[in-house]
Amino acid sequence: MRALHRNDPVSAPIALVLDSPHSGTEYPDDFDHLPPRAVVRQAEDTHVAELYAAAPRFGATLVEALFPRAYIDPNRALADMDAALLAEPWPGPLSASHKSELGIGLIWRLAHGGVPMYARALTVAEVERRIAQCYEPYHAAVAAALDERHRQFGAVWHINCHSMPAVGDVMSDDPGRPRADFVLGDRDGSTCEAEMTAFVAATLSDLGYDVAINDPYKGVELVRRHGRPAERRHSLQIEINRRLYMDERTLAKTAGFATLRANVERLLTALASYVRARV
Ligand SMILES: [Zn+2]
């Protein structure tokens, strides 16, 4: 199986890299989930890579995961695993976070609505295979793209691209609460320069969107791992409200998709100017 697709610049490269870890829809044959596929697919950030598909025209690289997030979640730490999923002891360190408690750690224990993802316990060997075939290649691809640009420009800006349900569900920290149009996450100012968060927030506000910062999503493993502002490596998570572009039940694009994609291109235009002015 292919773990990812790397979309490289079709114009002169700039110091900008994007990644879409949760929009993959290629379900492996050995993913024997218990609920119907339509329920499991609620975990996807469906269509997100397509919203940012213009990135290579601006000189950015866009890395997109092809495997589904419910199979293994690249936006979790490797140790963030729920031992209750496994048929045998895990050989490495385990440090289950609050996400694992919610059923949505490295390997999801629960599907949408809080129903069990599997009818059986998983073996260590199959989890290790998911790590080797999906998780590690994805992280290596993101790291390589960032390192290349950082080497070329002495700095790199990274957008970690996601979408979120319109209203918090039972597996979130804000059940029942409507979300803003966009939520920016910089882990309370630790993964990028403050100017980057402020610039993206202002650009989106000017486009007419309401924007929240670090509420309810602060960013997780990808921005934590790759965002090191002291080394001029800046990572920002962007969550887009799914009601802006899709029917959350059927996953079909709505009429809003084209408008949103055009506005994402305006954001990319603005980001390209931002990074050019800083290298
Ligand atoms: Zn996501």
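All figures in this text were calculated on a predicted structure; none of them were measured in a lab.
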Heavy atoms of Gly219 and Arg187 approach each other most closely as O-NH1, 2.7 Å

- Query: For the side chain of Glu126 and the backbone of Thr123, is there at least one donor-acceptor N/O pair under 3.5 Å apart?
  - Reply: yes

**OP:** Verify, without hydrogens or angle tests, whether Asn75 (side chain) and Glu221 (backbone) share a donor-acceptor contact under 3.5 angstrom.
**Re:** yes

Are Thr191 and Asp186 close enough that a side-chain donor and a side-chain acceptor fall under 3.5 Å?
no

In plain terms, say whether Lys253 and Glu50 are close enough for a salt bridge, that is, a side-chain N and a carboxylate O under 4.0 Å apart. yes

- Are the side chain of His33 and the backbone N or O of Ala70 linked by a donor-acceptor pair below 3.5 Å? no

On a heavy-atom basis, the closest approach of Gly185 and Leu236 is O-CD1, 3.5 Å

| query | Where the side chain of Asn7 meets the backbone of Leu62, is there a donor-acceptor pair that is under 3.5 Å apart? | reply | yes

Check: Is any side-chain heavy atom of Pro68 closer than 4.5 Å to a side-chain heavy atom of Pro28?
Finding: yes

For Pro21 and Cys161 the tightest heavy-atom approach is CD-O, 3.4 Å

CZ of Arg109 to CE of Met81, rounded to nearest 0.5 Å, is 13.5 Å

Check the angle between the aromatic planes of His22 and His162 and answer parallel, tilted or perpendicular using the 30° and 60° thresholds. perpendicular

Output for pair (Tyr52 OH, Glu64 CD), nearest 0.5 Å, gives 13.5 Å

Shortest non-hydrogen pair, Leu94 vs Ala83, comes out as CD1-CB, 3.9 Å

Q) Taking a hydrophobic cluster as the set of Ile, Leu, Val, Met, Phe, Trp and Tyr residues connected by side-chain heavy atoms closer than 4.5 Å, whether directly or through intermediates, do Leu251 and Val167 fall within one such cluster? A) no

- Message: Quick one, Pro35 and Gln42 - any side-chain contact, counting heavy atoms below 4.5 Å?
- Response: no

Next item on the list: Assess whether side-chain contact (heavy atoms from CB on, under 4.5 Å) is satisfied between Asn160 and His226, documenting all intermediate values.
Entry: CA-CA 10 Å; Asn160 179 228; His226 297 294; over 6 Å; no

Is any side-chain heavy atom of Tyr118 closer than 4.5 Å to a side-chain heavy atom of Ile107?
-> yes

(message) Quick check: do Trp108 and Lys99 have side-chain heavy atoms less than 4.5 Å from each other?
(response) no

Check whether Tyr274 reaches the backbone of Met196 with its side chain - one donor and one acceptor, N or O, closer than 3.5 Å. yes

Can His98 and Asp173 be counted as having a side-chain donor-acceptor contact under 3.5 angstrom?
yes

Shortest non-hydrogen pair, Pro137 vs Leu4, comes out as O-CD2, 3.3 Å

| request: Would you indicate whether the side-chain heavy atoms of Pro56 and Asp8 approach each other to under 4.5 Å? | output: no

Hydrophobic cluster membership, with links at side-chain heavy-atom distances under 4.5 Å among I/L/V/M/F/W/Y: are Leu204 and Val48 in one? yes

In short, salt bridge (charged side-chain N to carboxylate O under 4.0 Å, His left out) pairs touching residues 240-249 with sequence neighbours left out are Asp45-Arg242, Asp181-Arg243

Practice problem: Would you check, one step at a time, whether the test side-chain contact (heavy atoms from CB on, under 4.5 Å) holds for Arg278 with Glu195? | Solution: CA-CA 11 Å; Arg278 284 170 178 263; Glu195 294 89 338; 3.7 Å; yes

### Query
Strictly by modelled atom types, are Tyr138 and Asp19 linked by a side-chain donor-acceptor pair under 3.5 Å?
yes

Sorted by chain and number, sequence neighbours left out, ring-ring contact (aromatic ring centres under 6.0 Å, His included) with Phe67 holds for none

**Report entry** Check against side-chain contact (heavy atoms from CB on, under 4.5 Å), Phe182 and Asn241
**Finding:** CA-CA 6 Å; Phe182 283 79; Asn241 196 311; over 6 Å; no

Between the CE atom in Met117 and the CZ atom in Phe31, the distance rounded to the nearest 0.5 Å is 5.0 Å

Item to complete: Give a yes-or-no answer on whether the side chains of Ser163 and Tyr245 include a donor-acceptor pair shorter than 3.5 Å.
Response: yes

Arg130 (side chain) donor-acceptor with Tyr71 (main chain) under 3.5 angstrom: yes

Note: with side-chain heavy atoms under 4.5 Å as the link, the other cluster members for Val183 come out as Met164, Tyr217

Separation between CD (Gln237) and CG (Leu222), nearest 0.5 Å, reads 8.5 Å

To the nearest 0.5 Å, atom OG of Ser97 lies from atom CD1 of Ile104 at 8.5 Å

Review point. Under a 4.5 Å side-chain heavy-atom rule over Ile, Leu, Val, Met, Phe, Trp and Tyr, are Leu34 and Val39 clustered together?
Key: no

Output for pair (Leu18 CG, Leu271 CG), nearest 0.5 Å, gives 7.5 Å

task: Consider only side-chain heavy atoms of I, L, V, M, F, W and Y, link residues closer than 4.5 Å, and tell whether Ile131 and Val124 are in one cluster.
output: yes

Show which side-chain atoms of residues 140-147 pair as donor or acceptor with protein atoms under 3.5 Å away, not counting sequence neighbours.
{"residue": "Asp147", "atom": "OD1", "partner": "Arg233", "partner atom": "NH1", "Å": "3.1"}
{"residue": "Asp147", "atom": "OD1", "partner": "Arg233", "partner atom": "NH2", "Å": "3.0"}

- prompt: Can you check side-chain contact (heavy atoms from CB on, under 4.5 Å) on Trp157 and Arg232, steps first, answer last?
  reply: CA-CA 8 Å; Trp157 287 265; Arg232 300 198 76 203; 3.9 Å; yes

Distance-only criterion, 3.5 Å: show the donor-acceptor pairs between side-chain atoms of residues 257-267 and protein atoms not counting sequence neighbours.
{"residue": "Asn263", "atom": "OD1", "partner": "Arg266", "partner atom": "NH1", "Å": "2.6"}
{"residue": "Asn263", "atom": "ND2", "partner": "Tyr209", "partner atom": "OH", "Å": "2.8"}
{"residue": "Glu265", "atom": "OE1", "partner": "Arg57", "partner atom": "NH2", "Å": "3.2"}
{"residue": "Glu265", "atom": "OE2", "partner": "Arg57", "partner atom": "NH2", "Å": "3.4"}

Residues passing the ring-ring contact (aromatic ring centres under 6.0 Å, His included) test with Tyr135, sequence neighbours excluded, are His139

Tightest non-hydrogen contact, residues Ala155 and Ala15, listed as O-CB, 3.5 Å

Any donor-acceptor pair under 3.5 Å from Arg69 side chain to Gly24 backbone:
no

I'd like to know if Val223 and Val63 are part of one continuous hydrophobic network [Ile/Leu/Val/Met/Phe/Trp/Tyr, side-chain heavy atoms within less than 4.5 Å]. no

